[in-house]
Amino acid sequence: MSQSIVSWNVNSIRVREEQVLEWMQTHEPAVLGLQETKMTNETFPAASFESLGYQLVINGQRTYNGVALLSRETPKDIVTDLPGYEDPQRRVLAATYGDLRVINLYVPNGQAVGSEKFAYKLEWLSHLTDWLKEETAQHDKLVVMGDFNIAPADADVHDPEAWRGKILFSEAEHEALGKILDLGLDDSFRLFDQEPEQFSWWDFRTRAFRRNRGLRIDLALTSYGLRDHITASWIDIDPRKAERPSDHAPVGVDLTL
DNA sequence: ATGGTAGCTGCGCTA
């Protein structure tokens with residue numbers, strides 16, 4: 001029987017609590033990583049998720065960022081920061097479930113190519129890569145998932161020519177993602193034949209969802225040791241159709257462990 | 001080239 005490991009940028013868990021609970025009851029993920037929870041650990045609505053039988057690890061922050069891992073199994077070897085990198089922004093959460101290592105990330109957006117925030121994004125990704133070098137060496141079965149704020153290739157962008165060189169689709173970002181994949185990770189979505197024009201994020205501002213003018217920036221990277229265990233890699237756009245949705249859809253992998 | 005919407009906060013910042 002297969003288990004889903006899922007990533008979802010919820011853009012405020014306060015607003016999305018009911019939607020996430022409902023989705024979890026329907027899909028029963030083994031692990032659900034959330035990004036942009038935007039709440040402190042103290043204010044996070046943990047009890048309602050615990051009442052569904054999930055265990056929580058939270059790395060929260062007021063107003064911005066914030067990540068969480070919800071799971072059926074007990075989390076072990078929890079990591080909440082990129083080792084050796086001082087950063088007040090809460091963007092990292094890793095835990096081990098049985099022999100599966102799961103890393104949940106909210107990669108900096110970067111705002112605009114060449115900006116200060118862009119420099120931070122690249123610096124953050126460089127430190128992430130150093131850490132993932134250790135994690136890939138230590139864990140045969142590893143999922144690195146989250147809002148990467150990088151669309152890997154032309155097929156992941158509704159209008160590649162318009163986006164080329166822009167934030168989320170620049171050369172420097174592709175180089176950084178390439179170094180991560182070179183550590184021994186697959187973009188699991190591309191391990192399978194997929195329908196074209198599948199995206200995970202659509203800009204609120206341009207009402208992009210109505211015309212499916214999206215980007216696939218939410219990724220589940222999987223170690224080579226998981227290749228024989230993955231049965232699917234998917235994006236569920238149904239929650240994006242809801243009233244007051246997040247701007248991101250959940251993405252996930254199904255594993256037989 | 002710009003602005004559009006959403007969330008948190010308290011009006012500007014971030015995405």
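Letters A, B, ... mirror the listed sequences (proteins, then strands); counts begin at 1. Everything numeric here is computed off the predicted structure, so don't read it as measured data.
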Practice problem: Calculate the interatomic distance between A/F118 atom CZ and B/dT14 atom P; express it in whole Å. | Solution: 17 Å
Practice problem: Quickly work out the A/D147 CG to B/dT14 P distance and round it to whole Å. | Solution: 17 Å
Self-check item: Carboxylate-amine/guanidinium proximity below 4.0 Å for A/R90 and A/D81
Solution: yes
Practice problem: Establish, from distance only, whether the side-chain atoms of A/S12 and A/E36 form a donor-acceptor pair under 3.5 Å. | Solution: no
Quiz prompt | Atom-to-atom span, NZ of A/K166 to C1' of B/dT2 - whole angstrom | solution = 13 Å
Practice problem: Would you mind reading off the distance between A/K121 atom NZ and B/dA15 atom P, rounded to a whole angstrom? | Solution: 10 Å
Practice problem: Starting from the 5' end of DNA chain B, give me the residue, A/T63 or A/G110, whose nearest nucleotide shows up first. | Solution: A/T63
Exercise. Calculate the interatomic distance between A/K117 atom NZ and B/dC13 atom P; express it in whole Å.
Key: 9 Å
Quiz prompt | Donor/acceptor link under 3.5 angstrom from A/Y64 side chain onto base of B/dC13 | solution = yes
Quiz item: CD of A/E243 versus P of B/dA6: gap in Å, rounded?
Solution: 11 Å
Quiz item: Please walk me through it: do A/W202 and A/F209 pass ring pair (Phe, Tyr, Trp, His ring centres under 6.0 Å)?
Solution: CA-CA 5 Å; A/W202 302 259; A/F209 186 67; 4.9 Å; yes
Quiz item: Are A/R14 and B/dC8 close enough that a side-chain N or O sits under 4.0 Å from OP1 or OP2?
Solution: yes
Quiz item: Side-chain N or O of A/S12 less than 4.0 angstrom from OP1 or OP2 on B/dC8?
Solution: yes
Quiz item: Within the structure, does a side-chain N or O atom of A/R62 lie under 4.0 Å from either OP1 or OP2 of B/dC8?
Solution: no
Quiz prompt | Integer-rounded Å distance: B/dA6 C1' and A/R240 CZ | solution = 10 Å
Quiz prompt | Sequence-distant partners of A/D254, salt bridge (charged side-chain N to carboxylate O under 4.0 Å, His left out), two or more places apart | solution = none
Quiz prompt | Test ring pair (Phe, Tyr, Trp, His ring centres under 6.0 Å) applied to A/H229 - qualifying residues, sequence neighbours left out | solution = none
Quiz item: What's the closest nucleotide to the A/V15 side chain, out of B/dA6, B/dG4, B/dG7?
Solution: B/dG7
Practice problem: Establish, with yes or no, whether the OP1 or OP2 oxygen of B/dG7 is under 4.0 angstrom from a side-chain nitrogen or oxygen of A/R244. | Solution: yes
Exercise. May I ask you to say what A/T206 touches in the nucleic acid, namely base, sugar-phosphate or nothing, with a heavy-atom cut-off under 4.0 Å?
Key: base
Quiz item: At under 4.0 Å between heavy atoms, what does A/F209 touch on the DNA or RNA strands: base, sugar-phosphate, or nothing?
Solution: nothing
Self-check item: d(CG, A/D203; C1', B/dT14) in whole Å
Solution: 12 Å
